[in-house]
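Index from 1, following the sequence.
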Amino acid sequence: VQLQASGGGLVQAGGSLRLSCAASGRTVYAMGWFRQAPGKERDFVAVASWSAYSTAYADSVKGRFTISRENANNTVYLQMNSLKPEDTAVYYCAADRDRVTTYSDAYYQTVPSYDYWGQGTLVTVSS
């Protein structure tokens with residue numbers, strides 16, 4: 001399975017970007033986004049269940065970022081609005097190969113919960 005992320009770039013504070021991540025090779029289930037700033041750990045950003053009925057966000061991005069997905073294309077998106085300089089990071093998409101019987105947003109907010117990772121796309125927000 002490969003996850004191909006795209007959509008990163010340089011944007012001014014207050015601007016918007018839309019990240020995309022397409023999975024190929026098999027159907028994947030929960031899909032999420034994480035980010036990692038230089039010298040820091042990889043942090044949870046957002047997750048969507050396979051149906052997208054359940055979504056969750058880090059407190060730092062609530063109200064500004066929106067996760068969505070198109071299962072027909074095995075693709076997840078992250079719409080990022082009102083970007084701030086502190087949003088600058090490499091953004092990684094991730095996916096779970098298993099369809100869990102009891103979905104938990106909390107479970108999918110940790111790195112080990114995912115089986116597949118994309119290569120990362122850099123988002124730089126200038127002040």
Side-chain angles (χ1 to χ4, degrees):
V1 174
Q2 287 190 330
L3 300 183
Q4 182 67 45
S6 61
L10 173 64
V11 64
Q12 288 188 334
S16 298
L17 283 174
R18 189 190 194 208
L19 305 184
S20 301
C21 175
S24 60
R26 60 160 289 167
T27 298
V28 292
Y29 295 97
M31 297 186 78
W33 289 95
F34 286 71
R35 66 186 181 186
Q36 188 166 18
K40 296 188 176 182
E41 294 184 348
R42 191 170 297 189
D43 292 330
F44 167 76
V45 175
V47 62
S49 64
W50 185 74
S51 67
Y53 180 79
S54 182
T55 59
Y57 299 89
D59 289 342
S60 58
V61 307
K62 280 181 182 177
R64 300 188 297 122
F65 291 11
T66 302
I67 189 170
S68 60
R69 59 188 298 169
E70 290 181 358
N71 289 340
N73 297 322
N74 237 9
T75 300
V76 66
Y77 304 95
L78 186 68
Q79 177 66 44
M80 305 186 296
N81 299 328
S82 302
L83 282 161
K84 304 175 181 179
E86 51 263 43
D87 294 318
T88 295
V90 176
Y91 283 71
Y92 296 90
C93 62
D96 186 1
R97 65 170 177 253
D98 298 318
R99 187 174 185 179
V100 297
T101 55
T102 304
Y103 176 85
S104 165
D105 286 336
Y107 173 77
Y108 284 110
Q109 295 182 29
T110 60
V111 169
S113 298
Y114 296 86
D115 300 298
Y116 309 115
W117 290 86
Q119 82 286 4
T121 184
L122 177 62
V123 172
T124 304
V125 184
S126 62
S127 58

Under 4.5 Å between side-chain heavy atoms, hopping through other hydrophobics if needed: is there a path connecting Trp33 to Val123?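 Yes, one cluster joins them.
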In this structure, would Val45 and Tyr116 fall into the same cluster of hydrophobic residues linked by side-chain contacts under 4.5 Å?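 Yes, one cluster joins them.
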Determine the minimum heavy-atom distance between [X] and [Y], stating which atoms define it.
X	Y	answer
Ala89	Ala37	CB-N, 3.9 Å
Thr124	Leu122	OG1-CG, 3.7 Å
Gln109	Ala56	NE2-CB, 3.9 Å
Ala52	Arg69	CB-CG, 3.8 Å
Gln36	Lys40	NE2-O, 3.0 Å

For Tyr103 together with Tyr108, are the ring centres under 6.0 Å from each other?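 Yes, close enough.
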is_close_aromatic(Tyr114, Phe34), centroid dist under 6.0 Å: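 So the answer is yes for these two rings.
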Would Trp50 and Val28 count as a side chain to side chain contact (heavy atoms under 4.5 Å, CB included) if you check the C-alpha gap in whole Å, the side-chain angles of each, and the deciding distance to 0.1 Å? CA-CA 8 Å; Trp50 185 74; Val28 292; over 6 Å; no
Rounded to the nearest 0.5 Å, how far apart are [atom1] of [X] and [atom2] of [Y]?
X	Y	atom1	atom2	value
Asn74	Arg26	CG	CZ	9.5 Å
Tyr77	Cys93	OH	SG	12.0 Å
Leu78	Ile67	CG	CD1	6.5 Å
Asp105	Thr55	CG	OG1	7.0 Å
Phe44	Tyr57	CZ	OH	9.0 Å
Asp87	Ser82	CG	OG	9.5 Å

Passes side chain to side chain contact (heavy atoms under 4.5 Å, CB included), Asn71 versus Tyr29? Steps please. CA-CA 9 Å; Asn71 289 340; Tyr29 295 97; over 6 Å; no
Side chain of Asp96, backbone of Asp98: donor and acceptor closer than 3.5 Å?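 Here the side-chain-to-backbone pair exists.
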When you measure from the side chain of Arg42 to the backbone N and O of Val111, does any donor-acceptor pair fall under 3.5 Å?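 Judged by distance alone, no pair lies under 3.5 Å.
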4.5 Å side-chain heavy-atom contact, Met80 and Val125: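 Heavy-atom side-chain distance check fails, nothing below 4.5 Å.
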Apply salt bridge (Lys or Arg N to Asp or Glu O under 4.0 Å) to Asp59 and Lys62, showing your working. CA-CA 5 Å; Asp59 289 342; Lys62 280 181 182 177; 3.1 Å; yes
Pairs meeting criterion disulfide (SG to SG under 2.5 Å) with involvement of residues 28-67, two or more places apart: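 Sorted pair list comes back empty.
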Identify every side-chain donor-acceptor pair in residues 3-25 under 3.5 Å, counting partners at least two apart or on other chains, and give the distances.
| unit_1 | atom_1 | unit_2 | atom_2 | d |
| --- | --- | --- | --- | --- |
| Ser16 | OG | Asn81 | OD1 | 2.9 |

